[in-house]
Amino acid sequence: MEKYNLDQITDNIRVIEGFPTPDISFKDITTLIKDKDLYKQTVDMMCDALDFTPDIIAGPEARGFLFGTAMAYKLGAGFVPIRKPGKLPGETVQASYALEYGTDTVEMHKDAINKGDKVLLCDDLIATGGTILACAKMIEELGGEVCGIMALIELEDLPGRKMIEDAGYKLYTFVKYAH
Ligand code: AMP
């Protein structure tokens, strides 16, 4: 028997058209991770796909925490949260990235990474790749080595994969949608 049932994992991601804006087809993973067997299967599948041992898993809020912390626990890695500005109490570094209109900023603690740490970046979904590439920039600025970027879901019509691979990173994804 297969260890993971990717069809069943896919079937339990709820797609909500027009949320939060009319042009977005929102991929809702809450319906997946409330199922105890499927949450475990998903995290196990993500851990087993890795071909390196991370010292640190870093993930952007909020859904990056849901997969990243579970993976870190299973792999014996540390977890580093990446947050929207103004949420972290210590000294931080920031990175901004372009949105369709305007920019967004992510932030992490300056002392979160040791020089030479092997880091896996983890989120629920890659769309344009802007969020995760901003995260990668901060980790490298702090001396970490981004050894891979992982997300459960990839939106294949959007430029995320190309942006990430052109920047020289390995991208791992599992469930694919067009957009
Ligand atoms: P991006 O920076 O464009 O790659 O967007 C990825 C981030 O936005 C991730 O943290 C996702 O959780 C969120 N996101 C973007 N598009 C969607 C979508 N269609 N459904 C759910 N989350 C999304």
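Keep in mind that this is a model prediction, so the values were computed, not measured. These numbers come from the heavy atoms of this one structure, side chains and all, not from hydrogens, waters or symmetry mates. Order of listing sets the numbers, starting from 1, for every ligand and every atom in it.
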(Q) Return the closest protein heavy atom for atom 3 (O) of ligand 1 as residue, atom name and distance. (A) Thr128 OG1, 2.6 Å

Q | Interfacing atoms of ligand 1 (cut-off 4.0 Å, heavy-atom, Ile24) | A | 19 (N)

Q.
When you measure from the side chain of Asp123 to the backbone of Gly64, do you find a donor-acceptor pair of N or O atoms at a distance under 3.5 Å?
A. yes

**Q.** Nearest-neighbour protein heavy atom for atom 15 (C) of ligand 1, which is reported as residue plus atom name and distance
**A.** Leu125 CD2, 3.6 Å

Q.
I need the contact type for Leu158 against ligand 1. Using non-hydrogen atoms and a strict under-4.0 Å cut-off, is it side chain, backbone, both or neither?
A. neither

Q | ligand 1 N/O within reach of Tyr97 N/O, cut-off under 3.5 Å | A | no

Q: Would you check if there is a donor-acceptor pair between the side chains of Thr31 and Lys34 at a distance under 3.5 Å?
A: no

(Q) Between Lys110 and Glu91, does any NZ, NE, NH1 or NH2 come within less than 4.0 Å of an OD or OE carboxylate oxygen? (A) yes

Q) How close do Glu107 and Gly86 get, heavy atom to heavy atom, and via which atoms? A) OE1-N, 3.1 Å

Q.
Please report whether ligand 1 has a polar contact with Ala127, defined as an N or O pair separated by less than 3.5 Å (distance criterion only).
A. yes

Q. Which of the numbered atoms in ligand 1 are below 4.0 angstrom from a heavy atom of Gly130?
A. 2 (O), 4 (O)

Q: Using a strict cut-off of 4.0 Å, indicate which atoms of ligand 1 neighbour a heavy atom of Thr131.
A: 1 (P), 2 (O), 5 (O), 6 (C), 7 (C)

Q) Hey, does the side chain of Asp55 reach the backbone of Lys118 with a donor-acceptor pair shorter than 3.5 angstrom? A) yes

Q) Any sub-3.5 Å donor-acceptor pair from Glu61's side-chain atoms to Lys84's backbone N or O? A) yes

**Q.** Any donor-acceptor N/O pair, Asp117 side chain to Ile113 backbone, under 3.5 Å
**A.** no

Q. N/O of Gly129 under 3.5 Å from N/O of ligand 1, yes or no?
A. yes

**Q.** Test: Asp44 and Lys74 ion pair at under 4.0 Å
**A.** yes

**Q.** Residue, atom name and distance, where the atom is the protein heavy atom closest to atom 20 (N) of ligand 1
**A.** Lys27 N, 3.0 Å

Q: Return the residue, atom name and 0.1 Å-rounded distance of the protein heavy atom closest to atom 11 (C) of ligand 1.
A: Asp124 OD1, 3.4 Å

Q | Heavy-atom gap Ser25 to ligand 1 smaller than 4.0 Å | A | yes

Q.
Give me the residue, atom name and distance of the protein heavy atom closest to atom 10 (O) of ligand 1.
A. Asp123 OD2, 2.6 Å

**Q.** Residues Ser25 and Lys27: side-chain donor-acceptor under 3.5 angstrom
**A.** yes

Q) Of the protein's non-hydrogen atoms, which lies at the shortest distance from atom 13 (C) of ligand 1, and what is that distance? A) Arg63 NH2, 3.8 Å

